Participant: 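Sharing a structure here in structure tokens format.
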Amino acid sequence: MSTPAESDVQHLRYDPTTIEPKWQQIWRDEKTWHVSNKPDDRPSSYVLEMLPYPSGEPHMGHLKVYSVGDALAHYRRRNGMRVLHPMGYDSFGLPAENPRESTEDAIAEFRRQFETWGVSIDWDREFGTHEPGYYRWTQWIFLKLFEAGLAYQKEAAVNWCPNDQTVLANEQVVDGHCERCGAAVEIKQLKQWFFKITEYAERLLDDFAQLESWPDNVITMQRNWIGRSEGAEVVFSCEELGIDYPVFTTRPDTLFGATFFVMAPEHPDVFKLAEGTGAEQAVRDYVNAAARKSKEERGADDKEKTGVPLGRSVVNPVNGEAIPMYVSDYVLMEYGTGAIMAVPAHDQRDYEFAKKYGIEIRQVIAPAGEGGQPADISEQLAEQAYVSSTESDVLVNSGDFSGKSSVDAKREITGWLGADGRGKATVNYKLRDWLVSRQRYWGCPIPVVHCDDCGIVPVPEARLPVELPDIDDYVPKGKSPLAAATGWVEVHCPECKGPARRETDTMDTFVDSSWYFMRYTDARNDREAWHRAVLNEWMPVDNYIGGVEHAILHLMYARFFTKALHDLGLVGAVEPFKNLFTQGMITRDGAKMSKSKGNVISPSAYVEKYGADTARCYILFIGPPDQDADWADEGVEGVHRFLARLWRLAVEVEQRTDASLGVAAPQSADADRSSGALSDGAQAVMRKAHWAIDKVTGDMEGRFAFNTAIAAVMELVNELYKCKDALLDSDDADASSLRFATATAGSLLFPFAPHLGAEVYDMLGGGRVWEVTWPAADAAYLASDSITLVVQVNGKVRDKIEAAADASEDELIELARASERVQSHIDGKETVKQIVVPGKLVNIVVR
RNA sequence: GCGGAUGUGGCGGAAUUGGUAGACGCGCUGGCCUUAGGAGCCAGUGGGUGAAAACUCGUGGGGGUUCGAGUCCCUCCAUCCGCACCA
């Protein structure tokens, strides 16, 4: 029964360590994945994974993101598209040791591993953001934004990380802690560089409509972060000092209930206001205490409201009433105007403050009660504020506006105040300008000089890049280490030629990564950042793939950059990423991998032991790629077994069938299928192969269902094992069907396991699978003459019957009723209803 | 507190439009092959009753819509994530 050839095959070992380097060398030597910028008749597609921060070696997240992106890139290419799939490194940042050396070592290791993974990258476009050839253009963009008034310097209260010894953007502070190192963030008053992202707040919101597919949660997070709220700016006047204080409120309908007024401790006028009132010392103590608090302490959940009177009052514009002013840290300087009107009856925070300091709580809103009269809510107001604001909430104690609905009153009171300049409708955003200066050495220098006579002078474009000097001590000490490089700092002013000093702060690394996807399109251009026509040919990115942790930071900054550069006429696209895919995390024992938990596993160990194809397929097979997945070594073994099984099948089929048959489908295939020229086994094999083609294609299109796509190839291979013994040693048609189906398994698996896919296809005489068009399923093999009819009685499955695919509804009912198993359930009962789903099911409802 | 997601065998997961729940893989059980195998091949595998045929229960809990619900609606619970003094 078993031939020598068969038993040989059983003992052959699938050896990825010889197969994988073989194909990698061909791809490297022939630059297979290089794509030219010269358009051709193929549609272009830009597939991009978020660029890696090179530190140590790649981790499981990298393996996952490139497994997903590479599968997509391969699939696109084989569907006749011209695919841009580049690679680079986010190589400025916070390295521990000698930055230049450690960065370049890490990049070399990343590149080496990516090559062992067989990722189909156009290596001719590779760069690191720390290379002068790249950051020259980062500086150029900075100057463009500066010219446009979108980059500016101002003194402001900023987030300071005492550990990293640098300022942080608002977005980089998480729960009052440094996003990077976890230290409690302090507030400092410093002069810093900002990008005017707030000018784009509205468009960042509006243009969500232009995106093709982005996860809802990412859009929601950005929307919340931008924090648009509509309301009114209302002017309260301090008559004693003759200063007007506008406040922002979303509740102008509650103005008649304002019984006090609060300023943030950072408000520049608090000392001026307190002066001469006797409150000076108390105010100074309070403000100093607030300044010493970390952001976290200030924002703590259960923190009791505190504050001190300023000893002054302001006039409420709706009723001319003078109300007392306070300073309290529950008011934030960075939102609105840094001052608020306080309506304790209808705002919980104001309520708590008023309760503590015995300030009047004056109700001006009431829910509609019976008979259209306002309901009595005094009981509730003894406990907490009443914050509802709907059509059925009406104003009380509000002069001429009493009786109006809360909703109408907002508009009418704003309009009334607006008529004589005491207020206006406005929109406010939580979003603040992007703080981009960093007091770090390893970053892109900000290309300006400070001249005593000329002020801030941009470095002329022709003199870019402003290169990072080599220095001895790059440990941050509160100001940029670059300040110590006196030979570099001291320059001549580009305008007056007088003595001047270079800016010593460097840029936030998020600036580097806000435009790298544009540079890829024309990465070797040393005359300009990109050629416009080339850029527009590729942009926007068709599929952007990465972790959801960048939902706000990177993705919002990149959107802002694209819009700003668009407005400057430099970029055609308005949005950078048409489709966004956020991959889930790889966990270990159900927990995030971390050094402190000691549960970190690295891809390299698995790639060395099982090969890249196994590691890549496993990470895709483990579950839907947008969900978190737990890494299990037994699962890896299972996938490895499957790949070995396919490889052995290919070897056996190759050895025991005639090589001249190649990988073509049997010639008698579709024409003679019904006439029986193909054996039953061959037909089963052909049908399964075409079923798999259809399934994998469907899973790749539209959704990233790689897990079920791989499962389909597993099913095909299982079917081939079942049929192969009958088909080997048979006639040419049978042998052809086997060769075709085995090669098809390799072809379908190629996007996920490129080395093995190429090996199997080539072994059977198909040549280079990546040059072969993606297979199309033959409808003739998908349709079947017979179906399995499910028969239900009262919705419960009672039988399954083989039926002709083209049977009529009546025939199906007849068939169903004839079944013995069905009869035992319907005998002697009245048939109420019979439902037929053609080709699928009959449900007989009896009583 | 607000917003979002998820909940299916022992485990990872499948079920694309309301129509056979559990594809595929892991694990487990049995068989074949083998000097042996933790290799390979084949078969079985949601729970309960049963010798079997079969019956019955079953997609976090409860309720509803429907001939029919993992899928739609209401409600509760659990876990995870994001935001959180934003006036």
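None of these values were measured; they are calculated from a predicted model. Order of the sequence lines fixes the chain letters, A, B, ..., with proteins taken first and strands second; residue numbering starts at 1 for each chain.
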Participant: Sticking with atom P, work out how far A53(B) lies from G38(B), rounded to a whole angstrom.
Facilitator: 32 Å
Participant: Between R223(A) and C83(B), is there a contact of a side-chain N or O with OP1 or OP2 at under 4.0 Å?
Facilitator: no
Participant: Between A87(B), C67(B), C24(B), spot the one nearest the side chain of E715(A), thanks.
Facilitator: C24(B)
Participant: Could you tell me whether G63(B) is syn or anti, where syn means a glycosidic angle within 90 degrees of zero?
Facilitator: anti
Participant: Under 4.0 Å between a side-chain N/O of S229(A) and OP1 or OP2 of A87(B), yes or no?
Facilitator: yes
Participant: Could you tell me the Watson-Crick or G-U partner of A84(B), where both distances fall under 3.5 Å? Say none if there is no partner.
Facilitator: none
Participant: So, are R588(A) and D630(A) salt-bridged, with charged N and O less than 4.0 Å apart?
Facilitator: no
Participant: Can you check whether N718(A) has a side-chain N or O nearer than 4.0 Å to OP1 or OP2 of G25(B)?
Facilitator: yes
Participant: Under 4.0 Å between a side-chain N/O of R641(A) and OP1 or OP2 of C24(B), yes or no?
Facilitator: no
Participant: Quote, to the nearest angstrom, the C1' distance that separates G37(B) from G48(B).
Facilitator: 38 Å
Participant: What I'd like to find out is whether the side chain of Q363(A) reaches to under 4.5 Å of the side chain of T254(A), using heavy atoms alone.
Facilitator: no
Participant: Could you measure between the two C1' atoms, the one in G70(B) and the one in U8(B), and give it in whole Å?
Facilitator: 7 Å
Participant: Determine the interatomic distance between P on G7(B) and the same-named atom on C73(B); round to the nearest Å.
Facilitator: 15 Å
Participant: Counting only side-chain nitrogens and oxygens, does R821(A) get under 4.0 Å of the OP1 or OP2 atom of C55(B)?
Facilitator: no
Participant: For the C1' atoms, the ones on A36(B) and on G27(B), what distance do you get once it is rounded to whole angstrom?
Facilitator: 24 Å
Participant: Counting only Watson-Crick or G-U wobble pairs whose two distances fall under 3.5 Å, which nucleotide matches U45(B)?
Facilitator: G27(B)
Participant: Please determine, for G9(B), whether a Watson-Crick or G-U wobble partner exists with both distances under 3.5 Å, and give it or none.
Facilitator: none
Participant: Choosing from C42(B), U20(B), C83(B), which nucleotide comes nearest the side chain of W225(A)?
Facilitator: C83(B)
Participant: In whole angstrom, give me the gap between the C1' atoms of U45(B) and G25(B).
Facilitator: 14 Å
Participant: Is there a side-chain contact between N707(A) and the phosphate of A14(B), meaning an N or O under 4.0 Å from OP1 or OP2?
Facilitator: yes
Participant: Give a yes/no on whether any side-chain N or O of R645(A) is located under 4.0 angstrom from OP1 or OP2 of C42(B).
Facilitator: yes
Participant: Taking the minimum atom-to-atom distance to the side chain of N843(A), which one of U20(B), C24(B), G19(B) wins?
Facilitator: G19(B)
Participant: Please tell me whether S824(A) and R798(A) have a donor and an acceptor in their side chains that are separated by less than 3.5 angstrom.
Facilitator: no
Participant: Using the C1' atom in both, what is the distance from C80(B) to G60(B), to the nearest Å?
Facilitator: 15 Å
Participant: Provide the Watson-Crick or G-U wobble partner of C32(B), both distances under 3.5 Å; none if there is no partner.
Facilitator: G40(B)
Participant: For F260(A) and F353(A), I'd like to know if the aromatic rings sit close, meaning centre-to-centre distance below 6.0 Å.
Facilitator: yes
Participant: Between T788(A) and R798(A), name the one whose nearest nucleotide on RNA chain B is closer to the 5' end.
Facilitator: T788(A)
Participant: A87(B), OP1 or OP2 - any side-chain N/O from K305(A) closer than 4.0 Å?
Facilitator: no
Participant: So S229(A) and Y335(A), do their side chains get closer than 4.5 Å, heavy atoms only?
Facilitator: yes
Participant: Any side-chain donor paired with an acceptor under 3.5 Å for E352(A) and Y330(A)?
Facilitator: no
Participant: Does a nitrogen or oxygen in the side chain of H825(A) sit under 4.0 Å from OP1 or OP2 of C55(B)?
Facilitator: yes
Participant: Across all strands, who's sitting opposite G68(B) as a Watson-Crick or G-U wobble pair, both distances under 3.5 Å?
Facilitator: none
